[in-house]
Visitor: 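Mind having a look at this structure? Questions to follow.
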Amino acid sequence: MKKKSAGSIAVMLIVMIYLLIPLVISIIYSMFHKWTGILPEGFSLDNYTSLFSDANFLSSVGRSIGMCIVPIILTIIIVLLALFVTTIYFPKLEKYVQIICMIPYTIQGVILSVSILSLYVGTKSILSNRLVMLMGAYCIVILPYIYQGIRNGMRAVNMLTLIEAAEMLGASKIYAFFRVVVPNIISAIIVSSLLAVGIIFGDYVLIRNLAGTSAPNMQIFLYQTMKSDSTKASAVFVIIMFVTFVITAIVLFLKSREGRGRAQKK
């Protein structure tokens, strides 16, 4: 058993090192002026100081975070309501909802953006607004991941049994769903949301085609920086990874604190 355990740990360490090499190299590269030989030359943190003093970059960071929050919240609400209705009232329709939610897996970003532009750009409704189109496109892109996570969470907690138990105590179906079922699948919602954050943060095609330079996010800023300074572009990449890590850490910390609070109440 000890040999198997040591072998498993060794394999995991090798995989972790392999996955972290690109990030470590990017961090080192961003802290030097050039790296044309075996060792980098000219250690400096000028790239980071210039980025954090650049109003355009700070705006792109805030814009990227906002573009994550709005579509994720909208998609979670829509999926929760859809699964509530289909599971309780129309269980035969659940398979069709699943098919619809899985369709975005097959849609490429270029095809989705061109289709949205051709459909809405000529209209005079609110849907012709570039940011509205972008938010809608992000809702479509992250829909399969949010749906699958929430659906698996509902099956794990046996949603129908929980609702029936709450009804026996006098609660309505909708009250039991949002006050009993949803708190029990928070972990599934969080995992799905974090996956969606990674997808939206890594997007370039949709925002480039739908919003252009009118609402540049961190990926647009990274692409523009790559044209002029590769070391500064590495610094932008490192900051993107750091922001994603901070968002993940905050969400997991709040979740763990909520779990400890519930345990103390019990």
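Only this structure's heavy atoms are used, side chains among them; waters, hydrogens and symmetry mates stay out. Sequential numbering from 1 along the given sequence is applied to the chain's residues. Model, not experiment: these values are computed from the prediction.
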Visitor: Answer yes or no: are there more than 12 heavy-atom neighbours, outside Ile126 itself, under 6.0 Å from its atom CD1?
Guide: no
Visitor: Using a 3.5 Å distance criterion without hydrogens, assess whether the side chain of Asp203 forms a donor-acceptor pair with backbone atoms of Ile199.
Guide: no
Visitor: Would Asp46 and Thr49 count as a side chain to side chain contact (heavy atoms under 4.5 Å, CB included) here? Give the steps.
Guide: CA-CA 5 Å; Asp46 292 342; Thr49 55; 4.3 Å; yes
Visitor: Is there a side-chain contact between Lys173 and Phe178 in this structure, where contact means two heavy atoms from C-beta onward sitting under 4.5 Å apart?
Guide: no
Visitor: Verify side chain to side chain contact (heavy atoms under 4.5 Å, CB included) between Val180 and Ile163, making sure each step is shown before the conclusion.
Guide: CA-CA 8 Å; Val180 179; Ile163 291 179; over 6 Å; no
Visitor: If two hydrophobic side chains count as joined below 4.5 Å and joins carry through other members, does Ile150 share a cluster with Leu74?
Guide: yes
Visitor: Quick check: does any side chain N or O of Asp54 sit under 3.5 Å from a backbone N or O of Ser50, one acting as donor and the other as acceptor?
Guide: no
Visitor: Checking side-chain contact (heavy atoms from CB on, under 4.5 Å) against Phe221, which of Val61, Leu51, Ile239 comes through?
Guide: Leu51
Visitor: To the nearest 0.5 angstrom, please state how far the CD atom of Glu167 sits from the OG atom of Ser172.
Guide: 8.0 Å
Visitor: One pair to check against side chain to side chain contact (heavy atoms under 4.5 Å, CB included): Ile220 and Ser60. What are the steps and the verdict?
Guide: CA-CA 8 Å; Ile220 295 291; Ser60 69; over 6 Å; no
Visitor: So do the side chains of Asp229 and Asn47 get within less than 4.5 Å of each other, counting heavy atoms only?
Guide: yes
Visitor: Report yes or no: does Ser113 contribute a side-chain atom to a donor-acceptor pair with the main-chain N or O of Val110 at less than 3.5 Å?
Guide: yes
Visitor: Quick check on side-chain contact (heavy atoms from CB on, under 4.5 Å): which of Gln219, Arg130, Arg63, Met67 does Ile207 satisfy it with?
Guide: Met67
Visitor: To check you understand the geometry: which heavy-atom pair defines the closest contact between Gly149 and Ser192, and what is its length?
Guide: CA-OG, 3.1 Å
Visitor: Tell me whether Met135 at atom CE has more than 12 heavy atoms from other residues, nucleotides or ligands lying less than 6.0 Å away.
Guide: yes
Visitor: Using ring centroids (six-membered ring only for Trp), state whether Tyr105 and Tyr145 fall under 6.0 Å.
Guide: yes
Visitor: Distance only, no hydrogens: is a donor on one side chain within 3.5 Å (strictly under) of an acceptor on the other, for Tyr48 and Ser30?
Guide: yes
Visitor: Answer with yes or no whether the hydrophobic clustering places Val24 together with Met241; edges join I, L, V, M, F, W, Y residues whose side-chain heavy atoms lie under 4.5 Å apart.
Guide: yes
Visitor: Pair up each side-chain donor or acceptor in residues 80-102 with any protein partner under 3.5 Å, not counting sequence neighbours, and list the distances.
Guide:
residue	atom	partner	partner atom	Å
Thr86	OG1	Ala82	O	2.8
Thr86	OG1	Leu83	O	3.3
Thr87	OG1	Leu83	O	2.6

Visitor: Under 4.5 Å between side-chain heavy atoms, counting indirect links through other Ile/Leu/Val/Met/Phe/Trp/Tyr residues: same cluster for Ile116 and Val205 or not?
Guide: no
Visitor: Locate the shortest heavy-atom distance separating Pro144 from Val141; write the atom from each residue and the value.
Guide: CD-O, 3.4 Å
Visitor: Can you tell me if Tyr204 has over 12 outside heavy atoms packed within less than 6.0 Å of its OH?
Guide: yes
Visitor: Hydrophobic cluster membership, with links at side-chain heavy-atom distances under 4.5 Å among I/L/V/M/F/W/Y: are Val70 and Leu143 in one?
Guide: yes
Visitor: Could you tell me whether Tyr120 atom OH has more than 12 heavy atoms of other residues or ligands within 6.0 Å of it?
Guide: no
Visitor: Would you give the length of the straight line joining atom CD1 of Ile27 to atom OG of Ser234, rounded to the nearest 0.5 angstrom?
Guide: 10.5 Å
Visitor: How long is the span from the CD atom in Gln148 to the CZ atom in Arg151, to the nearest 0.5 Å?
Guide: 5.5 Å
Visitor: State, yes or no, whether a side-chain contact exists between Pro104 and Ile140 at a heavy-atom distance under 4.5 Å.
Guide: yes
Visitor: Could you tell me the separation between the CD1 atom of Ile76 and the CD1 atom of Ile146, rounded to the nearest 0.5 Å?
Guide: 5.0 Å
Visitor: What is the distance from atom CG of Leu23 to atom CZ of Phe245, rounded to the nearest 0.5 Å?
Guide: 11.0 Å
Visitor: Same cluster for Ile103 and Ile111 if Ile/Leu/Val/Met/Phe/Trp/Tyr side chains link at under 4.5 Å?
Guide: no
Visitor: Determine the sole option in Met218, Met226, Gln224 for which the side-chain contact (heavy atoms from CB on, under 4.5 Å) test with Leu222 is passed.
Guide: Met226
Visitor: Using every non-hydrogen atom in the two residues, find where Thr225 and Ala233 come nearest and quote the distance to one decimal.
Guide: CG2-N, 3.7 Å
Visitor: Do the non-hydrogen side-chain atoms of Ser64 and Phe201 ever get within less than 4.5 Å of each other?
Guide: yes
Visitor: Tell me whether Phe43 at atom CZ has more than 12 heavy atoms from other residues, nucleotides or ligands lying less than 6.0 Å away.
Guide: yes
Visitor: Nearest 0.5 Å please: distance from the CG atom of Leu210 over to the CG atom of Leu117.
Guide: 5.0 Å
Visitor: Show the numbers, then the answer: is there a side chain to side chain contact (heavy atoms under 4.5 Å, CB included) between Tyr29 and Thr231?
Guide: CA-CA 6 Å; Tyr29 186 61; Thr231 58; 3.6 Å; yes
